[in-house]
2 protein chains.
Amino acid sequence: MSQPQTQFRSRCSIARTLDVLGDKWTLLVVRDLMWHGKHTFQELQASEEHIAANLLSERLKRLMALGLVAREAYQDRPVRYRYALTDEGRSLEVLLLQIMGWGHAHLGGGLFDPQTGRTVAEASLGGPQ
Amino acid sequence: MSQPQTQFRSRCSIARTLDVLGDKWTLLVVRDLMWHGKHTFQELQASEEHIAANLLSERLKRLMALGLVAREAYQDRPVRYRYALTDEGRSLEVLLLQIMGWGHAHLGGGLFDPQTGRTVAEASLGGPQ
DNA sequence: ATAGTCACTTTAATTTTGAAAGTGAGTCGC
DNA sequence: GCGACTCACTTTCAAAATTAAAGTGACTAT
C-alpha cells in the first residue's frame, strides 16, 4: 500500500501533467478555488461552465489524492465540506496565468487580474480570427 | 461561412484554452513538433506515448483549423505531408515549458532543455510523493 | 408534516477514446 | 508483372468518459 499509485504513460513531464490535469474540467475547478472564492461543492458546481455533479465529485477526489486540494468539514450533522488548495495546489497559479494569457491572446477570452479580483479585459464574442 | 466556427463554453480564457487544447494528446503533438523534430504522420505516431492514428489525424486537423499547425506536401504521387507549427503554434512554447516545469517539480517527470535538445534531469520512476 | 438545502451517488443516453484492421497510392526487388 | 512493403490515413467496434437528470440521506426551517 506504500507503492506509488499513479501510473504514468511516460517519463515526460508534459505527458505526466496531462495524465493528471489534462481534461476540460480539472483546471477550472482549480481556477475557482484559486481565484474566485468558491469553496463548497455547491459553489464549485454553480460556475459559469456548469460541471456535472459526478464529474466535480470525481475531480475533487483526484485533486485530493494528488495532494493539490484538501477539504475540512465546516459543519457536522450533516457533515459539509469546504475545499481549499494546498500549498502544492497553489503552485499551479503560474500555469493558470500562462494558460489564461494564451487564451486571451489567441482565443479572445477575458483577462482576470488575481491581484484585484477583477476582469481586466472583456472576452470577444466570436472564436479565434 | 465567415462566421467563427468555434463555440466556446464561456468567456473565460482558461475555459477556452481547455476547449481547444484540454485533452491528453494535443499538447504532446505540439511538443513533438516544437522540440523533437517530428514532422511526418509516422514520426508523430511513433512517439513514446503511442497516440492512435485516428486521434493523431483528428488532432492535426484541429490544430490546422486553429491555425497552430500547417502542412505542406513534401512529395506527390503519393502525396505525403510534413507538419509544422505556425508562428501562432510556436507561441505555445512558454506554456509547454511551464507545464514541463510543473510536471518535473510535482510529478517527477524529466526536464528537457530546448536549447540543447537534451534531457537535463531524468524522470523518477514512481508517481508523486 | 412538508418543503427545502447540501453533498453527493446512481442511472442511462451520448460522445470520445483506444486498439486494430483496412484502404489507396505508390515504390522496390526480382 | 507479381508480391511485399511504406506511408498516411479511414473505418470499425468495444471500452471508457461525459452529460443530464433523477435519486439519496442527513439534516433545517416553517
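Chain identifiers are assigned alphabetically (A, B, ...) following the order of the sequence lines, protein sequences preceding nucleic acid strands; residue numbering begins at 1 within each chain.
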So what does [X] hit on the nucleic acid, given a heavy-atom distance under 4.0 Å: a base, only sugar-phosphate, or nothing?
X       : result
A:Arg82 : nothing
A:Arg80 : base
B:Arg71 : sugar-phosphate

Taking the six-membered ring for Trp, are B:Tyr83 and B:Tyr81 parallel (under 30°), tilted (30 to 60°) or perpendicular (over 60°)? tilted
Looking at [N], I'd like to know if its phosphate oxygens (OP1 or OP2) sit under 4.0 Å from a side-chain N or O belonging to [X].
X       : N      : value
A:Tyr83 : C:dC6  : no
A:Ser57 : C:dC8  : no
A:Arg59 : D:dT18 : yes
B:Tyr74 : D:dC7  : no

What's the closest nucleotide to the side chain of A:Tyr81 if the choices are C:dC8, D:dT18, D:dT10?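 Between C:dC8, D:dT18, D:dT10, the one nearest the side chain of A:Tyr81 would be C:dC8.
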Rounded off to whole Å, could you give me the [atom1]-to-[atom2] distance for the [X] and [N] pair?
X       : N      : atom1 : atom2 : value
A:Met64 : C:dA7  : CE    : C1'   : 12 Å
B:Gln75 : D:dA8  : CD    : P     : 8 Å
B:Leu56 : C:dA20 : CG    : C1'   : 16 Å
B:Asp19 : C:dT16 : CG    : C1'   : 15 Å
B:Glu58 : D:dT12 : CD    : C1'   : 17 Å
A:His50 : D:dA20 : NE2   : P     : 10 Å
B:Lys61 : D:dA8  : NZ    : P     : 15 Å
A:Arg62 : D:dA16 : CZ    : C1'   : 13 Å

Kindly indicate, with the supporting measurements, whether the criterion salt bridge (Lys or Arg N to Asp or Glu O under 4.0 Å) is fulfilled by A:Asp87 and A:Arg90. CA-CA 5 Å; A:Asp87 285 342; A:Arg90 273 185 289 274; 2.6 Å; yes
Record whether the side chain of A:Asn54 comes under 3.5 Å of the base of D:dT18 through a donor-acceptor pair of N or O atoms.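 Looking at the base of D:dT18, it does not pair with any donor or acceptor on the side chain of A:Asn54 (distance under 3.5 Å).
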Going by atom types alone, do A:Trp25 and A:Glu49 pair a side-chain donor with an acceptor below 3.5 Å? no
Going by atom types only, do A:Thr26 and A:Asp23 share a side-chain donor-acceptor pair under 3.5 Å?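 Indeed, the side chains of A:Thr26 and A:Asp23 share at least one donor-acceptor pair under 3.5 Å.
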Tell me whether the NZ or CZ atom of B:Arg82 lies within the 45° cone about the ring axis of B:Tyr74 and under 6.0 Å from its centre. yes
Heavy atoms within less than 4.0 Å of DNA chain C: which residues of residues 22-48 of chain B have one? Give them sorted by number. B:Trp25
Counting distance only, does the side-chain N/O of A:His104 pair as donor-acceptor with the main-chain N or O of B:Ser13 below 3.5 Å? no
Of all heavy-atom pairs between B:Ile51 and B:Leu44, which one has the smallest distance, and what is that distance? CG2-O, 4.0 Å
